[in-house]
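From a predicted model like this one, the values you see are computed outputs, not experimental measurements. Order of the sequence lines fixes the chain letters, A, B, ..., with proteins taken first and strands second; residue numbering starts at 1 for each chain. Values reported hereafter were calculated over all heavy atoms of this structure, with side chains retained and with hydrogens, waters and symmetry mates removed.
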Amino acid sequence: MLPIDTKKIEKHWLDYWEKERIYAFDKNSKPVFSIDTPPPTVSGEMHIGHAYSYSQQDFIARYKRMQGFSVFYPFGTDDNGLPTEKLIQKIKNVKSKDFSRQEFIELCLKTLKEITPAFIQDWKNIGVSCDYNLYYSTINDNSRKMSQKMFLELYKQGLVYKTDFPTIWDTEFQTPVAQAELEDREKESLFTTIKFHVQEKILPIATTRPELLGACLAIFVNPEDKRYKHFIGKKATVPIFNNLVPILADAHAEMEKGTGALMICSYGDKQDVEAVKKHKLTPRVIITKEGKINAHPYEGLYIKEARAKILEDLQNQNLIIKQEKIKHVTNVYEKSGREIEFLPTEQWFIKILDKKSVLLKQGKKINWYPKHMQKRYENWIHGLEWDWSISRERHFGIPIPVWHCRSCNHIILAKESELPIDPVQKEKICDKCKMKAEPETKVLDTWATSSLTPQIASSLVNNKIKLPYSLRPQAHDIIRTWAFYTIVRSLYHEKKIPWKDTIISGFVTLEGQKMSKSKGNGIKPQTIMEEFSADALRYAAASSKLGEDSDYQEKDIITGKKFVTKILNATNFVFMNLKYQKQAKLHETDRLLLQQLNQIIDSATESFNSYNYSKAKLDTESFFWKTFADNYLEIVKNRVYNGTKEEKESAFYTLYQSLLAITKMMAPITPFIAEEIYQQHFKKHEKAKSIHLSKWPDEFKIKKTKEDGKVWNRMIELISSVRQAKSEAQKSMKAEIILTLPKSDHKLLVKLINDIKAVTGAKTIEEGEFKIEFT
RNA sequence: GGCCCAUUAGUCUAGUGGCAAAACGGCUCGUUUACACCGAGCAGUCCGCAGUUCGAUUCUGCGAUGGGCCACCA
């Protein structure tokens with residue numbers, strides 16, 4: 001057997017699939033299975049995590065197609081965010097700020113046109129069966145238009161508002177960010193206990209942020225705190241700044257934490273924001289958008305510099321009681337890694353806080369696979385503290401299509417016919433006071449657009465695909481963003497859930513560690529495909545369960561490659577001697593084999609229906625390897641070579657049908673080799689022009705008795721015993737024996753006796769106590 | 001601090017209220033009418049404690065360890 005040229009096979013069928021448009025969505029045929037495909041961020045190349053998760057969704061797409069659905073499986077790329085901006089700047093060696101927004105978007109579109117085909121090729125190469133003619137980019141004209149249009153819709157419904165409430169701010173990128181974009185990071189910092197004077201007495205306050213002293217507005221002590229009770233209602237002198245602030249009773253000050261007294265600053269954290277609101281304090285913001293202090297005598301210093309300087313000053317004035325190094329966890333913006341601030345700037349929000357209960361209800365209407373992923377969605381909603389911040393002070397992105405008239409404080413909306421539009425490029429006169437209105441310069445957060453993928457994808461087919469889609473596949477790290485926001489938008493725009501089902505995939509890890517470029521442990525799917533074939537990679541992806549992280553192990557890929565070789569070899573054997581039989585009078589062994597196969601068809605179908613592709617693969621593969629190849633082929637060999645006409649015909653029929661069923665059941669997992677086998681051997685007798693358009697196997701309608709399983713198992717057990725005996729006696733598997741079977745076996749296996757004789761190499765089978773003798 | 005998930009052979013994973021399974025690795029062999037990218041066989045395991053049960057690896061509770069999400073972060 002020559003080594004199999006999988007590359008050649010894969011290339012051949014990729015071309016065929018594309019040329020014959022095997023995966024084209026036919027909007028006129030029914031029923032439709034619609035998939036809200038995740039659009040990957042254009043960033044160079046497909047990585048191993050993509051390879052696994054997109055393979056996993058593809059198993060489902062291919063299965064559904066074989067089940068007779070017209071599968072709506074579009075492909076999109078997400079390219080309106082920071083990663084794209086950075087990518088384009090790098091490729092073109094430019095700075096986005098040197099362009100007008102419109103010009104930069106044009107440059108992006110142009111550049112994307114150049115680089116996207118190569119990017120998408122990886123998805124094609126791994127056999128993802130999207131209809132690539134149904135393609136969208138989240139920055140193209142249509143997406144911008146839809147995103148802006150739907151923003152305006154929300155505005156008209158009163159679900160979007162603009163406010164200058166303190167919002168989560170990143171000082172590096174100088175933009176507001178959403179709660180969902182935060183992550184925890186452990187940092188080391190100095191925990192300093194500072195003397196506040198209350199007349200002649202001292203009130204100690206511990207803080208990690210002394211630079212905010214200039215923004216101190218009040219001090220909280222717990223009303224139950226005996227140490228400080230007598231301070232309540234008095235005023236404390238802020239060190240360095242020497243202004244007086246009130247000491248207030250608030251249960252929010254926990255007695256065990258720090259010194260038990262807490263300073264409220266505008267704004268150190270989220271609690272400060274709430275405290276200011278609750279006690280109607282007048283904020284004094286001393287941090288700028290760039291992360292500098294603007295309060296005398298520290299103006300112009302960056303936060304960290306100011307912190308060092310103020311600690312020095314406190315020390316010199318003997319105002320420090322105690323200082324210790326602590327590790328504490330702080331909120332940082334996931335993209336910059338920098339600690340976030342809370343700054344009052346004018347920003348846009350989508351209301352979500354007052355919709356928690358209905359959003360929870362929507363979540364319950366969706367089937368989550370695995371089930372417990374729904375909990376993550378619910379936990380996220382329970383923990384929400386901010387409305388959805390959607391404006392970003394970035395240059396690149398989809399512009400917010402409004403103008404603000406400052407003289408009469410009126411918001412002017414773009415007309416639908418103007419979309420997509422960049423308000424900066426168009427002057428508007430206020431329709432109320434006739435003054436010139438100020439264009440909104442901010443852009444929408446990328447999630448504000450990618451939360452509309454169902455609508456954007458549907459617009460590619462004249463909005464034929466209605467909500468809810470059949471399926472949303474995605475990874476678990478973006479439940480709080482992509483899944484959540486999509487559910488929000490579908491509710492607001494269409495009062496519907498976006499999809500009936502969602503399947504949540506896990507990560508690919510390497511030795512238990514999450515893969516990342518920085519750790520240098522990236523394994524490239526392109527290399528794996530080159531070395532082992534796309535089918536082998538997909539096979540490995542099918543071994544990991546939905547929702548579970550799976551550790552990348554090369555041996556799984558090797559197992560996949562072996563499977564490909566094995567099924568090709570088995571196919572070669574089957575067709576080496578086979579004459580096509582449309583039907584046949586079934587020999588008992590063959591009938592039993594088909595009964596065994598029926599069980600696998602049944603269970604694989606059920607598994608796929610509940611998105612359990614890994615079980616379907618495991619069952620099918622084990623049937624193929626153990627039952628079909630190791631046993632049935634060995635049993636039937638003799639009849640194929642030496643049988644009577646009837647015996648041969650039955651064997652041919654059974655071999656053909658069972659191999660076809662196995663190949664079909666593996667087709668969603670290993671589509672290339674399945675197609676190869678189908679085209680080489682089956683197509684001339686079957687109708688479909690591709691195995692991927694062929695019908696998923698039905699159970700064979702053949703005679704069935706209660707004893708079938710028992711008889712089959714007994715025969716396999718016998719064969720096994722004989723093999724074991726030969727192994728132990730160090731004999732060849734072909735060694736001739738005399739087999740003695742008890743009467744009960746003779747009765748049970750009466751119709752199989754000749755096949756058993758052949759497969760065990762028994763010269764004769766006698767009756768008596770079970771015994772294997774070598775001749 | 002709250003919630004979720006996991007814990008099964010040397011490794012990585014299936015699975016089940018009634019003899020615990022595959023792959024890889026190890027060991028012992030075999031192999032010329034599909035396959036040495038093969039075949040046969042062997043060895044080896046349910047995190048701990050309590051409970052429910054005739055029976056628990058499986059269900060329940062508690063705990064341990066690992067992972068994740070969230071909150072807190074003066």
Engineer: Counting heavy atoms from C-beta on, name the nucleotide in rC35(B), rC72(B), rC38(B) closest to the side chain of Glu385(A).
Structural biologist: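 It is rC72(B).
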
Engineer: Across the strands shown, which category fits Ser720(A) at heavy-atom distances under 4.0 angstrom: base, sugar-phosphate, nothing?
Structural biologist: sugar-phosphate

Engineer: When all nucleic acid strands are considered with a 4.0 Å heavy-atom cut-off, which category describes Lys270(A): base, sugar-phosphate, or nothing?
Structural biologist: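 Contact class for Lys270(A): sugar-phosphate only.
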
Engineer: Quick check, are the ring centers of His681(A) and Tyr656(A) under 6.0 angstrom apart?
Structural biologist: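 That pair fails the under 6.0 Å test.
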
Engineer: Is rG66(B) paired to anything, Watson-Crick or G-U wobble with both distances less than 3.5 Å, and if yes, which nucleotide?
Structural biologist: rC5(B)

Engineer: I'd like the P distance from rC59(B) over to rU8(B), given in whole Å.
Structural biologist: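 To the nearest whole Å, 15 Å.
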
Engineer: Could you tell me how far apart Trp482(A) (CH2) and rC69(B) (C1') are, to the nearest whole angstrom?
Structural biologist: 20 Å

Engineer: Looking at every strand, decide which applies to Ser544(A) at a 4.0 Å heavy-atom threshold: base, sugar-phosphate, or nothing.
Structural biologist: nothing

Engineer: Grab the CZ-C1' distance between Phe623(A) and rA23(B) for me, whole Å please.
Structural biologist: 20 Å

Engineer: Against Tyr539(A), only a single residue in Phe59(A), Phe672(A), Phe563(A) fulfils ring-ring contact (aromatic ring centres under 6.0 Å, His included); can you say which?
Structural biologist: Phe563(A)

Engineer: Are the aromatic rings of Tyr580(A) and Phe652(A) close, with centres under 6.0 Å apart?
Structural biologist: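 No, the ring centres sit 6.0 Å or more apart.
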
Engineer: Between rA23(B), rC72(B), rC4(B), spot the one nearest the side chain of Lys257(A), thanks.
Structural biologist: rC72(B)

Engineer: Quick one: do Lys335(A) and Asp170(A) make a salt bridge, cutoff under 4.0 Å?
Structural biologist: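 Judged by the 4.0 Å cut-off on N to carboxylate O distance, Lys335(A) and Asp170(A) do not form a salt bridge.
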
Engineer: Which one is paired to rG18(B), where only Watson-Crick or G-U wobble pairs with both distances under 3.5 angstrom count?
Structural biologist: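 Paired with rC54(B).
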
Engineer: Salt bridge or not for Glu717(A) and Arg714(A), using N-O below 4.0 Å?
Structural biologist: yes

Engineer: Which part of the nucleic acid does Ile205(A) contact within heavy-atom distance under 4.0 Å: base, sugar-phosphate only, or nothing?
Structural biologist: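 Answer is nothing: Ile205(A) stays at 4.0 Å or more from every strand.
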
Engineer: Between Trp169(A) and Phe342(A), does the ring centroid distance fall short of 6.0 Å?
Structural biologist: no

Engineer: Select base, sugar-phosphate, or nothing to describe what Ala206(A) touches, counting heavy atoms under 4.0 Å on all strands.
Structural biologist: sugar-phosphate

Engineer: Taking CD from Glu554(A) and C1' from rC12(B), how many angstroms apart are they, rounded to a whole number?
Structural biologist: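 For the pair Glu554(A) CD and rC12(B) C1', the rounded distance is 14 Å.
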
Engineer: Would you indicate which nucleotide in rG68(B), rU11(B), rC35(B) comes nearest to any side-chain atom of Lys555(A)?
Structural biologist: rU11(B)

Engineer: Side chains of His328(A) and Thr208(A): does their closest heavy-atom pair fall under 4.5 Å?
Structural biologist: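 Answer yes - side chains close enough.
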
Engineer: For Met263(A), answer base if it contacts any base atom (sugar-phosphate contacts may also be present), sugar-phosphate if it contacts only those atoms, and nothing otherwise; contact means non-hydrogen atoms under 4.0 Å.
Structural biologist: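 Result for Met263(A) = nothing.
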
Engineer: Which part of the nucleic acid, if any, lies within contact of Glu378(A), taking any heavy atom under 4.0 Å across all strands shown: a base, the sugar-phosphate backbone alone, or nothing?
Structural biologist: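 No contact.
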
Engineer: Taking pairing as Watson-Crick or G-U wobble with both contacts under 3.5 Å, can you name the mate of rG61(B), or confirm there isn't one?
Structural biologist: rC49(B)

Engineer: Ignoring hydrogens and geometry beyond distance, is the side chain of Lys566(A) in donor-acceptor contact with the base of rC35(B) at under 3.5 Å?
Structural biologist: yes

Engineer: Distance between the C1' atoms of rA20(B) and rG15(B), in whole angstroms?
Structural biologist: 8 Å

Engineer: Grab the CD-P distance between Gln553(A) and rG25(B) for me, whole Å please.
Structural biologist: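 Atom-to-atom, Gln553(A) to rG25(B), this comes out as 12 Å.
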
Engineer: Mind checking if Asn577(A) touches a base, just sugar-phosphate, or nothing, with heavy atoms under 4.0 Å?
Structural biologist: nothing

Engineer: Describe the nucleic acid contact of Ile479(A) in one word from base, sugar-phosphate, nothing, applying a heavy-atom distance below 4.0 Å.
Structural biologist: nothing

Engineer: Distance between the P atoms of rG18(B) and rC5(B), in whole angstroms?
Structural biologist: 23 Å

Engineer: Check the phosphate of rG39(B) against Lys734(A), side-chain N and O only, distance under 4.0 Å to OP1 or OP2. Yes or no?
Structural biologist: no

Engineer: Base, sugar-phosphate, or nothing: which does Gln179(A) touch, judged by heavy atoms less than 4.0 Å apart?
Structural biologist: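 Since only primed, P, OP1 and OP2 atoms lie under 4.0 Å of Gln179(A), the category is sugar-phosphate.
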
Engineer: Determine the Euclidean distance between corresponding C1' atoms of rU65(B) and rG48(B); express it in Å to zero decimal places.
Structural biologist: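 After rounding to an integer number of Å, I get 11 Å for this pair.
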
Engineer: Taking the nucleotide of RNA chain B with the closest heavy atom to each, which residue, Trp625(A) or Asp556(A), is nearer the 5' end?
Structural biologist: Asp556(A)

Engineer: Atom NE2 of His476(A) and atom P of rC5(B): how far apart are they, to the nearest Å?
Structural biologist: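 Answer to the nearest Å: 14 Å.
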
Engineer: As a test of reading the structure: which of rG41(B), rC12(B), rA14(B) is closest to the side chain of Asp551(A), going by heavy atoms?
Structural biologist: rC12(B)

Engineer: In Å and rounded to the nearest 0.5 Å, what is the CZ to CG distance from Arg376(A) to Asp477(A)?
Structural biologist: 9.0 Å

Engineer: Between rU57(B) and rC37(B), how far apart are the C1' atoms? Round to whole Å, please.
Structural biologist: 36 Å

Engineer: To the nearest Å, how far apart are Glu254(A) CD and rC72(B) P?
Structural biologist: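 Rounded to the whole Å, the gap is 11 Å.
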
Engineer: Nearest to the side chain of Lys545(A) - rC37(B), rA14(B), rC72(B)?
Structural biologist: rA14(B)

Engineer: Relative to the 5' end of RNA chain B, which residue comes earlier, Asn612(A) or Asn379(A), by the nucleotide with the nearest heavy atom?
Structural biologist: Asn379(A)

Engineer: Within the 4.0 Å heavy-atom criterion, would you say Thr207(A) contacts the bases, only the backbone, or no part of the nucleic acid?
Structural biologist: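 The residue Thr207(A) makes sugar-phosphate contact but no base contact.
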
Engineer: Of the options rC24(B), rC4(B), rG41(B), whose atoms approach the side-chain atoms of His372(A) most closely?
Structural biologist: rC4(B)

Engineer: Measure from CG on Leu546(A) to P on rA14(B) and round the result to the nearest Å.
Structural biologist: 12 Å

Engineer: Nearest to the side chain of Asp630(A), heavy atoms from C-beta on, is which of rC72(B), rG39(B), rC37(B)?
Structural biologist: rG39(B)

Engineer: Select base, sugar-phosphate, or nothing to describe what Gln271(A) touches, counting heavy atoms under 4.0 Å on all strands.
Structural biologist: sugar-phosphate

Engineer: Is the NZ or CZ atom of Lys637(A) positioned over Phe573(A)'s six-membered ring, under 6.0 angstrom from the centre and within 45° of the axis?
Structural biologist: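 Yes, Lys637(A) lies over the aromatic ring of Phe573(A).
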
Engineer: Could you check which of rG30(B), rC35(B), rA71(B) has an atom nearest any side-chain atom of Asn569(A)?
Structural biologist: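 My answer, after comparing the listed nucleotides, is rC35(B).
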
Engineer: Using the C1' atom as the reference point in each nucleotide, state the distance between rU13(B) and rA23(B) in Å, no decimals.
Structural biologist: 8 Å

Engineer: Take atom C1' in rC46(B) and the same atom in rC12(B), then report the distance between them in whole Å.
Structural biologist: 16 Å

Engineer: Starting at atom NZ of Lys375(A), determine the distance to atom P of rG67(B), rounded to an integer number of angstrom.
Structural biologist: 23 Å

Engineer: With the side chain of Glu548(A) defined as its heavy atoms from C-beta on, choose the nearest nucleotide among rC5(B), rC4(B), rA71(B).
Structural biologist: rC5(B)

Engineer: Mind checking who rC42(B) pairs with, Watson-Crick or G-U wobble, both distances under 3.5 Å?
Structural biologist: rG26(B)

Engineer: Starting the side chain at C-beta, find the nucleotide from rA40(B), rC37(B), rA23(B) nearest to Arg723(A).
Structural biologist: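 Of rA40(B), rC37(B), rA23(B), rA40(B) is nearest to the side chain of Arg723(A).
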
Engineer: When you compare the side chain of Ile247(A) with that of Val221(A), does any pair of heavy atoms fall below 4.5 Å?
Structural biologist: yes

Engineer: Taking the same atom, C1', in rA56(B) and in rA50(B), what whole-Å distance lies between them?
Structural biologist: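 It comes out at 13 Å once rounded to the nearest Å.
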
Engineer: Describe the nucleic acid contact of Lys615(A) in one word from base, sugar-phosphate, nothing, applying a heavy-atom distance below 4.0 Å.
Structural biologist: nothing

